[in-house]
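Here the structure comes first, spelled out in structure tokens, and everything after it is commentary.
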Amino acid sequence: MARILLIEDEPNLAVLLTRLLNDAGYTVTAAPTGSAGLQAALNDEYDLVLLDLMLPDLPGDELLPLLLKMRPDAKIVILSSVLEVDRRVRLLEEGAADFLLKPFVNAELLARLRLRIGERVSVGPQPGYRSMGVDAQLDTRRREVTFAGKRIPLSTREFSLLMHLIDRQGEACTREELLAEVWGIGFDPGTNIVDVCVRRLRSKLAPETIETIRHVGYRYAAC
């Protein structure tokens, strides 16, 4: 079971992230300050560090190089609301494995963590693949589908949506659920963004792969 060090000072978000990661099968150690996170990294080994930038005592910008100096092989994913592209690029150049903006989409966060940890999913004949049915697999590393021997690339949103539907295979997913889990929108914005994304997936896969459940939403059916 992979272990994650979460360095986040906002209590409610720390609780939500811990619950999300626990439910996904990870063991989480939460540190509310940069110094506490630094101490935790010194005292134990972790498969990945999830690091906020706006910490009360030791900013994440300063903590990142310290962590990498102590643990050169550490995989550190930045989770922050920082919008400045130059700053984000600098952190990636300094060794951060990835940068995810707040507010984030749960499915995308988990997908990126799986990629960075290098988790092997044993649901198909090859590691890193999710079975989608007969002659179809989802490559969770390259974010593409292999269907009837053909590789089909997916956008980030298409990948997140398909992952969610596969995880709930055979179950109906409401539009409200998909908006919340894939888009991070907790209300109906009055648009058809879910339907548009489903149409794009259907055009790339077999049309019957994603079923419409009238007055409810969508359901994934094996190819």
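Because the structure is a prediction, the values reported are computed rather than measured.
Hydrophobic clustering (ILVMFWY, side-chain heavy atoms < 4.5 Å, transitive): Ile4 and Val15 are in distinct clusters. Both Leu92 and Leu83 are assigned to one and the same hydrophobic cluster, defined by single-linkage of ILVMFWY side chains at heavy-atom distances under 4.5 Å. Hydrophobic clustering keeps Ile213 apart from Val194 (ILVMFWY residues linked when any side-chain heavy atoms are closer than 4.5 Å, directly or through intermediates). Met54 and Leu101 sit in two unconnected hydrophobic clusters of ILVMFWY residues. Membership requires side-chain heavy atoms under 4.5 Å apart, directly or through other members.
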Show the numbers, then the answer: is there a side-chain contact (heavy atoms from CB on, under 4.5 Å) between Val216 and Arg175? CA-CA 7 Å; Val216 178; Arg175 288 178 175 80; over 6 Å; no

Where do Leu5 and Leu50 land on the side-chain contact (heavy atoms from CB on, under 4.5 Å) test, with the steps shown first? CA-CA 6 Å; Leu5 173 59; Leu50 195 54; over 6 Å; no

Verdict with supporting geometry, Thr212 and Arg202, side-chain hydrogen bond (donor to acceptor under 3.5 Å, both in side chains): CA-CA 11 Å; Thr212 298; Arg202 282 173 170 164; 2.7 Å; yes

Could you please spell out the steps behind the salt bridge (charged side-chain N to carboxylate O under 4.0 Å, His left out) verdict for Asp47 and Arg3? CA-CA 5 Å; Asp47 297 281; Arg3 305 184 66 213; over 6 Å; no

Go through it in stages, so that I can follow the logic: the residues are Arg219 and Arg168, the test is side-chain contact (heavy atoms from CB on, under 4.5 Å), and I'd like the CA-CA distance, side-chain angles, deciding distance and then a yes or no. CA-CA 8 Å; Arg219 177 174 60 201; Arg168 296 278 306 277; over 6 Å; no

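Across Asp9 and Pro56, no two heavy atoms sit closer than the pair CB-CD, 3.6 Å. For Gly37 against Ile7, the heavy-atom pair with the smallest separation is CA-CD1, 3.7 Å. Looking at every heavy atom in both residues, Leu110 comes nearest to Ala24 through CD2-CB, 3.8 Å. Annotation for Leu67 and Ala41: closest pair CD2-CB, 3.5 Å, computed over non-hydrogen atoms. Shortest non-hydrogen contact noted between Pro153 and Lys204 is O-NZ, 3.1 Å.
Listed for the Lys75 side chain is no donor-acceptor partner under 3.5 Å among the backbone atoms of Ala97. No donor-acceptor pair under 3.5 Å is formed between the side chain of Asp44 and the backbone N or O of Ala40. Under a 3.5 Å cut-off, the side chain of Glu10 and the backbone N or O of Leu13 do form a donor-acceptor pair. Under a 3.5 Å cut-off, the side chain of Thr209 and the backbone N or O of Leu205 do not form any donor-acceptor pair.
Using a 4.0 Å cut-off between a side-chain N of Lys or Arg and a carboxylate O of Asp or Glu, Glu94 and Arg90 qualify as a salt bridge.
Residues Leu53 and Val82 have side chains in contact (heavy-atom distance under 4.5 Å, counting atoms from C-beta outward). Between Leu17 and Leu79 the shortest side-chain heavy-atom distance falls below 4.5 Å. Between Val182 and Asn106, the closest side-chain pair of non-hydrogen atoms is not below 4.5 Å.
Applying the 4.5 Å side-chain rule to ILVMFWY residues, one finds that Leu16 remains a lone member of its cluster. With side-chain heavy atoms closer than 4.5 Å counting as contact, directly or through intermediates, the hydrophobic cluster containing Val85 also holds Val89.
In the model, Tyr218 has a side-chain atom that pairs as donor or acceptor with a side-chain atom of Asp195 under 3.5 Å.
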